[in-house]
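Comments concern the structure below.
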Amino acid sequence: MNNFSNDNSFFFAHSKNDSGLSSTRTQRLIDEALHGMDDGELYLQYGQSEMFSFDDGRLKNAAYDTSKGFGLRSILGDVTGFSHSSELSEEALKRAVETVKSIKSGSSATLAIPPLATNKKLYSDENPLGGVDFKEKIKILQEIDDYARSKDPKVCQVSCSIAGEWQVIEIIRPGGHRVRDYRPLVRLNISVVAKHGDRMESGYEGSGGRYTYNQLLTSENWKEQTDNAIRQAILNLDSVPAPAGEMDVVLGPGWPGVLLHEAIGHGLEGDFNRKGTSAFAGLMGERIAAKGVTVVDDGTLDQRRGSLTIDDEGTPSHCTTLIEDGILVGLMQDRMNARLMGVEATGNGRRQSYAHQPMPRMTNTYMLEGNQEPEEILSGVKDGLYAVNFGGGQVDITNGKFVFSCTEAYRIKNGKIGAPVKGATLIGSGPDALKKISAIGNDLKLDNGVGICGKAGQSVPVGVGQPTLRLDGITVGGTDF
């Protein structure tokens with residue numbers, strides 16, 4: 001549950017004779033540390049994580065880790081005091097209190113009202129690491145390896161991994177306001193390499209979310225993943241050099257939404273806009289995309305990888321509309337940037353761990369669907385590119401310029417999907433690309449649950465998605481001139 005529970009076993013001592021924090025004295029120290037501040041909190045975290053990787057028919061790595069710690073933050077204006085420790089003791093907390101009090105310097109403020117509580121639960125409290133035993137996990141990895149090699153003689157290498165984590169977080173504010181959340185997260189990765197003659201190509205498929213191994217590791221799921229990874233690798237064996245130049249591009253549904261995430265998502269986070277460093281700063285209420293384009297950030301989707309019952313400041317998750325019919329209408333906000341900008345927090349205050357400060361971050365960011373059939377969109381392209389899957393990319397937040405590499409793409413000729421191409425990259429800017437959207441499909445799809453977002457050295461799990469999209473006049477980098 002996200003609401004505070006009387007079960008203090010993760011962070012607090014049960015009696016005076018136990019070592020560790022006292023719940024009562026901890027509250028007093030927080031009240032002292034944040035007196036006269038605008039905002040702040042104590043963030044407590046307990047975590048378990050594991051990873052099993054299987055490569056070329058044998059277990060290559062098995063790792064398990066537990067972690068525990070706190071982060072204490074004070075905020076006065078736009079100045080932050082922050083201290084963290086992996087030691088859950090009163091002595092460590094007292095040292096942290098002295099650190100965060102140092103920003104006060106005689107100034108005084110009125111403490112912000114804490115977030116509203118919520119009874120909504122988007123995922124189970126169950127620890128996924130205990131759902132499937134060690135031997136069964138290794139057996140499943142072996143079965144994936146055997147299955148992939150039996151499907152096609154061209155498969156010459158198989159790598160797969162299972163990863164899971166479970167976190168308990170608790171947020172304590174002055175005056176006794178407390179919330180707690182239990183967060184599961186699991187993931188399955190499958191990579192294959194196919195060989196024909198001297199040519200070798202790879203394929204990858206992953207899935208995951210905020211649920212347990214019992215849901216992730218079904219034979220139906222891992223067989224479908226393996227088949228998709230093999231399909232990509234075999235397909236790439238027949239790929240031809242990608243074309244280069246300016247052309248119409250059709251993006252497939254689902255994971256290609258990662259381009260949307262990177263090219264415009266970060267630019268719609270509150271801190272970049274407050275500081276004026278976003279390409280979208282100062283454009284609220286103006287048209288920034290083609291008509292029909294509506295983009296939301298939704299942390300309330302059940303069991304999705306980017307979903308949170310409460311964010312890392314205790315604010316319940318929201319579904320925030322960012323762009324509505326092409327008009328910029330909203331931003332993603334944590335508590336500090338929302339207060340400084342005079343708006344409401346949107347439940348987007350996220351941090352990698354207790355050792356990091358929260359900042360505005362995306363959860364599940366996707367474009368809503370339109371009313372056109374995907375086949376209709378493709379049939380209208382005389383000469384272009386159909387991009388179905390993406391690998392790495394780079395984006396400059398200040399101007400939205402991006403470069404993304406396609407891991408699965410096809411040439412479009414006279415409205416028909418043609419040969420697969422290799423080495424295609426999409427080059428452009430987010431603000432410009434939004435205005436080049438000329439068709440929006442009716443096939444909205446979210447990714448399979450593998451997204452990881454990096455910002456300011458912090459990584460958090462996220463989700464992306466979109467329907468089929470057509471963008472006119474996008475620069476494609478390739479080797480076939």
Side-chain angles (χ1 to χ4, degrees), residues 2 43 45 115-116 118 120-124 165 167 169 171 179 181-187 206-211 254-273 278 280 294-324 329-338 343-353 356-368 395 397 444-456 458-466:
N2 61 294
Y43 180 90
Q45 177 186 312
L116 296 175
T118 177
K120 183 187 297 181
K121 288 179 60 178
L122 302 178
Y123 33 77
S124 169
E165 67 177 55
Q167 289 186 353
I169 67 107
I171 299 168
V179 290
D181 197 16
Y182 299 82
R183 297 173 175 172
L185 190 66
V186 293
R187 177 169 172 169
S207 69
R210 293 197 179 278
Y211 41 81
W255 179 246
V258 69
L259 191 152
L260 182 81
H261 168 103
E262 293 289 358
I264 69 167
H266 284 295
L268 298 180
E269 292 167 338
D271 49 353
F272 293 127
N273 283 268
S278 166
F280 300 102
T294 297
V295 178
V296 302
D297 182 83
D298 190 354
T300 70
L301 302 175
D302 187 46
Q303 298 187 337
R304 298 299 305 182
R305 181 174 172 85
S307 295
L308 295 171
T309 300
I310 55 172
D311 72 3
D312 295 324
E313 299 178 304
T315 305
S317 284
H318 287 56
C319 178
T320 304
T321 302
L322 306 172
I323 303 172
E324 186 170 19
V329 296
L331 301 172
M332 292 166 279
Q333 300 284 5
D334 64 351
R335 282 175 60 87
M336 184 181 79
N337 284 280
V343 297
E344 295 293 322
T346 58
N348 290 93
R350 305 190 64 187
R351 63 181 98 198
Q352 179 175 313
S353 76
H356 301 82
Q357 297 186 53
M359 65 181 88
R361 303 293 300 272
M362 284 173 275
T363 56
N364 304 298
T365 311
Y366 56 96
M367 183 184 297
L368 300 190
V395 179
I397 301 300
L444 170 63
K445 181 183 176 184
L446 300 178
D447 76 290
N448 292 333
V450 297
I452 298 175
C453 175
K455 177 181 176 181
Q458 296 190 41
S459 295
V460 295
V462 296
V464 300
Q466 66 172 47

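Just so you know, these numbers come straight off a predicted model, no measurement behind them. All heavy atoms count here, side chains included; hydrogens, waters and symmetry mates do not.
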Taking the side chain as every heavy atom from C-beta outward, state whether [X] and [Y] have any atom pair closer than 4.5 Å.
{"X": "Lys120", "Y": "Ser317", "value": "no"}
{"X": "Asp311", "Y": "Asn348", "value": "no"}
{"X": "Ile264", "Y": "Ile323", "value": "yes"}
{"X": "Asn337", "Y": "Phe272", "value": "no"}
{"X": "Val464", "Y": "Thr365", "value": "no"}

message = Looking at Glu313 and Arg335, would you say the former's side chain and the latter's main chain have a donor-acceptor pair under 3.5 Å?
response =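 Yes, the answer is positive, given that a donor and an acceptor are paired below the 3.5 Å cut-off.
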request  = Output yes when a side-chain donor or acceptor of Ser278 lies under 3.5 Å from a complementary backbone atom of Gly267, and no otherwise.
outcome  =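 Indeed, once roles are kept as given, a pair shorter than 3.5 Å links the two residues.
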To the nearest 0.5 angstrom, please state how far the [atom1] atom of [X] sits from the [atom2] atom of [Y].
{"X": "His266", "Y": "Met332", "atom1": "NE2", "atom2": "CE", "value": "8.5 Å"}
{"X": "Gln333", "Y": "Thr315", "atom1": "CD", "atom2": "OG1", "value": "11.0 Å"}
{"X": "Gln466", "Y": "His261", "atom1": "CD", "atom2": "NE2", "value": "13.0 Å"}
{"X": "Leu268", "Y": "Leu260", "atom1": "CG", "atom2": "CG", "value": "9.0 Å"}
{"X": "Leu301", "Y": "Leu122", "atom1": "CG", "atom2": "CG", "value": "8.0 Å"}

message = Any salt bridge linking Arg304 with Asp447? Criterion: basic side-chain nitrogen under 4.0 Å from a carboxylate oxygen.
response =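 Result for this pair is yes, salt bridge flagged.
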request  = May I ask you to say whether Arg183 pairs ionically with Asp312, meaning some side-chain N is under 4.0 Å from a carboxylate O?
outcome  =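 Judged by the 4.0 Å cut-off on N to carboxylate O distance, Arg183 and Asp312 do form a salt bridge.
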query = Going by distance alone, is a donor N or O of one side chain under 3.5 Å from an acceptor N or O of the other, for Asp297 and Thr320?
reply =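 No.
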query = Does one side chain, of Ser307 or Asp302, offer a donor that lies under 3.5 Å from an acceptor on the other?
reply =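 Per modelled atom types, Ser307 and Asp302 side chains form no pair under 3.5 Å.
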ask   = How close do Ile452 and Ser459 get, heavy atom to heavy atom, and via which atoms?
value =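 Minimum heavy-atom separation between Ile452 and Ser459: CG2-CB, 4.0 Å.
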ask   = More than 12 non-hydrogen atoms from neighbouring residues, nucleotides or ligands closer than 6.0 Å to NZ on Lys445, yes or no?
value =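 No, because the 6.0 Å sphere around NZ of Lys445 holds 12 heavy atoms or fewer from other groups.
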task = Identify which one of Lys455, Arg350, Arg361 satisfies the salt bridge (Lys or Arg N to Asp or Glu O under 4.0 Å) criterion when paired with Asp271.
result =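 Filter result, single survivor: Lys455.
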